[in-house]
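Heads up: the structure comes next, in structure tokens.
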Amino acid sequence: MKAHGMPRTVVADPPWWPRLHANTVGRMKGPYRAGPQRYYRLLSVEQIIALAPTTAPKAHLYLWVINQHLDWGYQVARAWDFEPQQMITWCKPGYGTGQFQCNTEQVLLCRKGGATGNAFGMTHGTWFDWPRGRRHSEKPEGFYSLVERVSPGPYLELFARRCRAGWAAMGDQL
């Protein structure tokens, strides 16, 4: 792949391994629907690191992380040669599941190749109240609009659940 065709912006929503979901491992039926293993194959941090994308020398990474282990996101980003710059929060309407009824998700914004000529555009804040999707782990359209507004293409989505016009995509659910 030529450098000009390499992704300059990567979005990744890794299928984090279920150490946090040990109480639901193997539960494919029943009332508990949020266990991610019901929907896709899960990977350890080491397995996610091994899937590092090839990008342009200056690139952006939007890495969805889980609230219980933001540290995993920092570990993956740095192993992929990106430096974290900012965290943005999706404030989902209503309540989620679990003891704290989690209704937020975090995205670690990262940069590779330094700031000169590689800055993010105006994001208009660090929290967003986009609506929820209908499917498990579906990300809001507003998120993709934000990415396209503030970061350069070509775009790549890792662990994608559907194809998007103008984006390259890789994922088990495609």
Side-chain angles (χ1 to χ4, degrees), residues 7-25 33-53 55 59-112 118 120 123-133 135-151 155-162 164 167 169-173:
R8 292 197 55 213
T9 298
V10 176
V11 167
D13 182 15
W16 303 102
W17 185 62
R19 279 192 278 182
L20 300 173
H21 307 285
N23 62 327
T24 65
V25 170
R33 66 171 181 74
Q37 68 279 358
R38 289 187 61 184
Y39 303 95
Y40 40 79
R41 180 174 54 100
L42 303 176
L43 301 173
S44 68
V45 171
E46 294 76 20
Q47 290 170 311
I48 293 166
I49 287 172
L51 297 172
T55 66
H60 293 168
L61 170 64
Y62 292 76
L63 182 63
W64 289 87
V65 295
I66 52 179
N67 290 336
Q68 298 93 328
H69 275 289
L70 301 176
D71 57 314
W72 291 353
Y74 284 86
Q75 186 179 348
V76 168
R78 289 183 173 130
W80 287 1
D81 203 25
F82 285 87
E83 188 56 34
Q85 301 295 306
Q86 186 62 261
M87 185 75 69
I88 66 171
T89 300
W90 172 26
C91 301
K92 301 190 274 188
Y95 294 109
T97 61
Q99 186 173 0
F100 286 92
Q101 296 179 301
C102 183
N103 58 353
T104 61
E105 289 191 37
Q106 314 307 321
V107 183
L108 188 58
L109 275 62
C110 309
R111 189 170 52 209
K112 176 181 179 180
N118 195 30
F120 292 95
T123 63
H124 305 293
T126 57
W127 70 271
F128 300 90
D129 60 352
W130 299 307
R132 288 179 187 260
R135 297 184 318 244
H136 175 82
S137 200
E138 182 178 354
K139 302 309 179 216
E141 285 301 313
F143 166 73
Y144 294 99
S145 296
L146 171 72
V147 170
E148 291 173 345
R149 188 177 78 242
V150 304
S151 291
Y155 301 100
L156 168 64
E157 183 172 13
L158 298 177
F159 313 108
R161 292 173 180 86
R162 67 182 185 91
R164 303 188 61 73
W167 287 58
M170 297 169 57
D172 288 350
Q173 294 182 310

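- For the salt bridge (charged side-chain N to carboxylate O under 4.0 Å, His left out) condition, no pair includes a residue of residues 64-77, sequence neighbours left out.
- Each of Leu109, Val65, Thr126 was checked for a side-chain contact (heavy atoms from CB on, under 4.5 Å) with Met87, and the lone residue meeting it is Val65.
- Pairing each heavy atom of Cys110 with each of Pro84, the nearest pair is SG-CA, 3.8 Å.
- Annotation: side chain of Thr9 is in contact with side chain of Val147 (closest heavy-atom distance under 4.5 Å).
- Lys112 meets the salt bridge (Lys or Arg N to Asp or Glu O under 4.0 Å) test with no other residue; sequence neighbours excluded.
- Take Thr89 and apply the side chain to side chain donor-acceptor pair (under 3.5 Å) test, not counting sequence neighbours, and it matches Gln106.
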| task | Please test Tyr155 against Val11 for side-chain contact (heavy atoms from CB on, under 4.5 Å), starting from the C-alpha separation and ending with a verdict. | result | CA-CA 8 Å; Tyr155 301 100; Val11 167; over 6 Å; no

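- Between Leu108 and Val76, the closest side-chain pair of non-hydrogen atoms is not below 4.5 Å.
- Judged by distance alone, the side chain of Asp129 and the main-chain N or O of Cys91 form no donor-acceptor pair under 3.5 Å.
- For the ring-ring contact (aromatic ring centres under 6.0 Å, His included) test, no residue two or more places apart in sequence or in another chain qualifies with Tyr74.
- Taking both residues in full, the closest heavy atoms of Leu43 and Leu51 are given as CD1-CD1, 3.7 Å, listed atom of the first, atom of the second, then distance.
- With sequence neighbours excluded, the residues satisfying side chain to side chain donor-acceptor pair (under 3.5 Å) with Glu148 are Trp167.
- Remark: Trp130 engages no residue in a side chain to side chain donor-acceptor pair (under 3.5 Å) (not counting sequence neighbours).
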| said: Go through it in stages, so that I can follow the logic: the residues are His69 and Trp16, the test is side-chain contact (heavy atoms from CB on, under 4.5 Å), and I'd like the CA-CA distance, side-chain angles, deciding distance and then a yes or no. | reply: CA-CA 10 Å; His69 275 289; Trp16 303 102; over 6 Å; no

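- A distance of 14.0 Å separates CZ in Arg8 from CG in Leu156, rounded to the nearest 0.5 Å.
- Separation of atoms CG (Leu63) and CD1 (Ile48) is listed at 8.5 Å; rounding is to 0.5 Å.
- How far CH2 of Trp90 is from CZ of Phe143: 10.0 Å, rounded to the nearest 0.5 Å.
- Arg164 pairs by the side chain to side chain donor-acceptor pair (under 3.5 Å) definition with Glu141, not counting sequence neighbours.
- Within the model, atoms NZ of Lys139 and CD of Glu105 stand 3.5 Å from one another, a figure rounded to the nearest 0.5 Å.
- Closest non-hydrogen pair, Asn103 versus Gly94, comes out as ND2-O, 2.9 Å.
- Distance check: Met170 CE to Glu157 CD gives 11.5 Å after rounding to the nearest 0.5 Å.
- Considering all non-hydrogen atoms of both residues, Ala169 and Arg162 come closest at CB-O, 4.5 Å.
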| Between Tyr62 and Val150, is a side-chain contact (heavy atoms from CB on, under 4.5 Å) present by the stated rule, with each step listed? | CA-CA 11 Å; Tyr62 292 76; Val150 304; 3.0 Å; yes

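- Across all their heavy atoms, Ile49 and Trp80 have their closest contact at O-NE1, 3.1 Å.
- Within the model, atoms CZ of Arg111 and CZ of Phe82 stand 11.5 Å from one another, a figure rounded to the nearest 0.5 Å.
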